[in-house]
Amino acid sequence: MKILLIGASGTLGQAVAANLGARHDIVRAGRNSGEERVDLTQHDSVQALFQRLGRVDAIVSTAGRLHFGPLSEMTAAQFNIGLQDKLLGQVNLALLGQHHLSEGGSITLTSGIVAIEPIRLGANATAVNAALEGFVTAAAIELPRGIRINAVSPTILTESVPAYGSLFAGFESVPAARAALAYQRSVEGAQTGRVLRVD
Ligand SMILES: NC(=O)c1ccc[n+]([C@@H]2O[C@H](COP(=O)([O-])OP(=O)(O)OC[C@H]3O[C@@H](n4cnc5c(N)ncnc54)[C@H](OP(=O)(O)O)[C@@H]3O)[C@@H](O)[C@H]2O)c1
């Protein structure tokens with residue numbers, strides 16, 4: 001399969017690239033890294049990427065910024081970071097990407113465990129991840145030509161514990177390579193409209 005992977009240079013993306021790259025042709029994309037450059041927050045940038053690539057068999061996103069901070073100080077502008085980047089960026093990737101997928105192709109987006117397990121400072125993250133999961137379940141019943149869509153929702157990655165572990169007290173981490181198996185399941189399996197939780 002020819003698979004577009006956005007966020008391939010990241011902690012999660014590297015593990016997904018290693019897994020899927022063992023069997024498929026991966027186009028690695030990122031904002032400042034990878035053989036293809038794209039900014040998910042910019043409609044024209046995503047459209048131009050698909051025009052350059054032509055048909056792909058699978059689209060995977062392991063990208064998306066959120067705002068973490070105390071609710072008592074949170075501004076609408078800060079909340080909008082997650083809406084514009086992780087939520088609308090990935091939704092727009094799916095909206096545009098559906099027209100560039102081959103028959104039976106798939107879209108795999110990334111949410112996260114805080115969709116259902118809130119943490120302090122995480123109001124933006126919980127709202128965005130829950131919205132992404134809602135989008136995926138609804139989009140699945142409308143996608144044509146056998147195209148599937150799923151979200152992978154990992155808990156904190158072991159590799160990210162040094163950076164974010166203090167936010168996730170009492171959560172068991174998983175290695176990124178284990179989370180990558182859920183992306184494999186989404187791309188190579190038959191599920192659609194599912195949230196594949198890895199915790
Ligand atoms: N790490 C965790 O423990 C964990 C757990 C659960 C869920 N998640 C979710 O998984 C996703 C990836 O997390 P991560 O820790 O792997 O992040 P990361 O290491 O910071 O990597 C982010 C990747 O996304 C790319 N990217 C960022 N903004 C982009 C944009 N606007 N357009 C295109 N590409 C963009 C980056 O490319 P450049 O470097 O080239 O900009 C990079 O390849 C996030 O949505 C995060 O919420 C992470």
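Scope of the values below: all heavy atoms of this structure, side chains included, with no hydrogens, waters or symmetry mates. Numbers for residues simply follow the sequence, beginning at 1. Just so you know, ligand 1 is whichever comes first in the structure, and atom 1 is the first atom listed for that ligand. Everything numeric here is computed off the predicted structure, so don't read it as measured data.
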Practice problem: Return the minimal non-hydrogen interatomic distance between I107 and S186, and the atom names on each side. | Solution: O-OG, 4.4 Å

Quiz item: With a 4.0 Å cut-off, would you call E36 and R52 a salt bridge?
Solution: yes

Quiz item: Is E117 salt-bridged to R197, cutoff N-O under 4.0 Å?
Solution: no

Quiz item: Can you pull the residues with any heavy atom under 4.0 Å from ligand 1?
Solution: I6, G7, A8, S9, G10, T11, L12, G30, R31, N32, S33, V38, D39, L40, T62, A63, G64, L66, K86, T110, S111, P154, T155, I156, L157, S160

Quiz item: So, the side chain of S153 versus the backbone of G112: is there a donor-acceptor pair under 3.5 Å, distance only?
Solution: yes

Exercise. Check the side chains of T41 and Q84 for a donor-acceptor pair under 3.5 angstrom, ignoring hydrogens and angles.
Key: no

Quiz item: Side chains of T62 and Y183: do they bring a donor and an acceptor to under 3.5 Å?
Solution: no

